[in-house]
Amino acid sequence: MSNAAFRLFVRSADAESVGIGLASFAVTVLASWLSYLFAAVVAVALIMDALALRDHPAWNPNPWLAGALGLVHVAGAVLAIPYLFSVPAIGYYVYRRRQRVDGTDDGEYGPAESSNDRLGLE
């Protein structure tokens with residue numbers, strides 16, 4: 001969206017249209033700041049999730065790696081290569097989290113139980 005608004009801004013400068021130029025400039029700035037904000041929210045959410053799962057019996061991701069992945073995603077708000085790396089990596093993290101924490105590896109989904117909970121149920 002930011003790129004499209006920037007192209008409109010350049011075209012409006014050639015056509016000497018001040019109103020369209022100002023509006024497209026405002027959309028460009030707003031879209032770029034929103035991309036930074038959303039990337040920062042994703043980075044903080046990854047770190048908080050990894051810290052929350054630190055003592056989980058089924059899976060405990062490394063918070064440092066989650067933080068590094070979040071920083072790469074923040075860089076991806078501007079650069080294409082980090083974005084192309086971070087989006088599939090975050091998707092894989094969410095997939096593994098759901099597979100390990102919310103369900104089992106055989107495709108059944110449900111609440112995860114620790115081995116101590118299973119012994120108490122039997």
Side-chain angles (χ1 to χ4, degrees):
M1 187 162 121
S2 179
N3 286 337
F6 181 71
R7 287 184 183 142
L8 181 62
F9 175 72
V10 171
R11 287 184 184 165
S12 68
D14 290 339
E16 298 179 5
S17 176
V18 176
I20 295 175
L22 288 175
S24 62
F25 179 75
V27 169
T28 301
V29 171
L30 181 65
S32 63
W33 279 104
L34 283 176
S35 68
Y36 285 122
L37 177 67
F38 291 147
V41 167
V42 168
V44 169
L46 279 171
I47 294 170
M48 290 177 64
D49 186 63
L51 289 173
L53 291 174
R54 186 183 298 169
D55 296 326
H56 196 276
W59 188 46
N60 54 355
N62 188 342
W64 290 100
L65 290 176
L69 180 60
L71 285 176
V72 170
H73 191 66
V74 169
V78 178
L79 304 170
I81 299 298
Y83 184 78
L84 291 174
F85 172 74
S86 68
V87 170
I90 291 171
Y92 181 73
Y93 175 87
V94 171
Y95 170 76
R96 291 299 292 173
R97 183 193 193 285
R98 173 152 183 178
Q99 193 176 34
R100 294 288 184 113
V101 175
D102 293 340
T104 61
D105 285 334
D106 60 358
E108 295 179 19
Y109 291 103
E113 298 177 358
S114 68
S115 59
N116 294 336
D117 292 340
R118 287 186 204 138
L119 292 175
L121 294 175
E122 294 176 352

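These figures come from a predicted structure and were not determined experimentally.
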Neighbour count >12 (heavy atoms, 6.0 Å) for atom CH2, Trp33
no
Would you list the atom pairs, donor with acceptor, under 3.5 Å between side chains in residues 73-87 and any protein atom, with sequence neighbours excluded?
unit_1, atom_1, unit_2, atom_2, d
His73, ND1, Ser86, OG, 2.9
Ser86, OG, Pro82, O, 3.1
Ser86, OG, Tyr83, O, 3.4

Test applied, side chain to side chain contact (heavy atoms under 4.5 Å, CB included); reference residue, Leu46; option that passes from Val41, Ile90, Leu65
Ile90
Which pair of heavy atoms, one from [X] and one from [Y], lies closest together, and at what distance?
X	Y	value
Pro61	Pro63	O-CD, 3.2 Å
Arg97	Asp49	NE-OD1, 2.8 Å
Ala50	Ala66	CB-CB, 3.8 Å

Should [X] and [Y] be regarded as members of a common hydrophobic cluster, given that ILVMFWY residues are connected when their side-chain heavy atoms come within less than 4.5 Å of each other, either directly or indirectly?
X	Y	result
Leu30	Leu37	yes
Ile47	Val101	no
Leu53	Val94	yes

When the aromatic ring centroids of Tyr93 and Trp59 are compared, is their separation below 6.0 Å?
yes
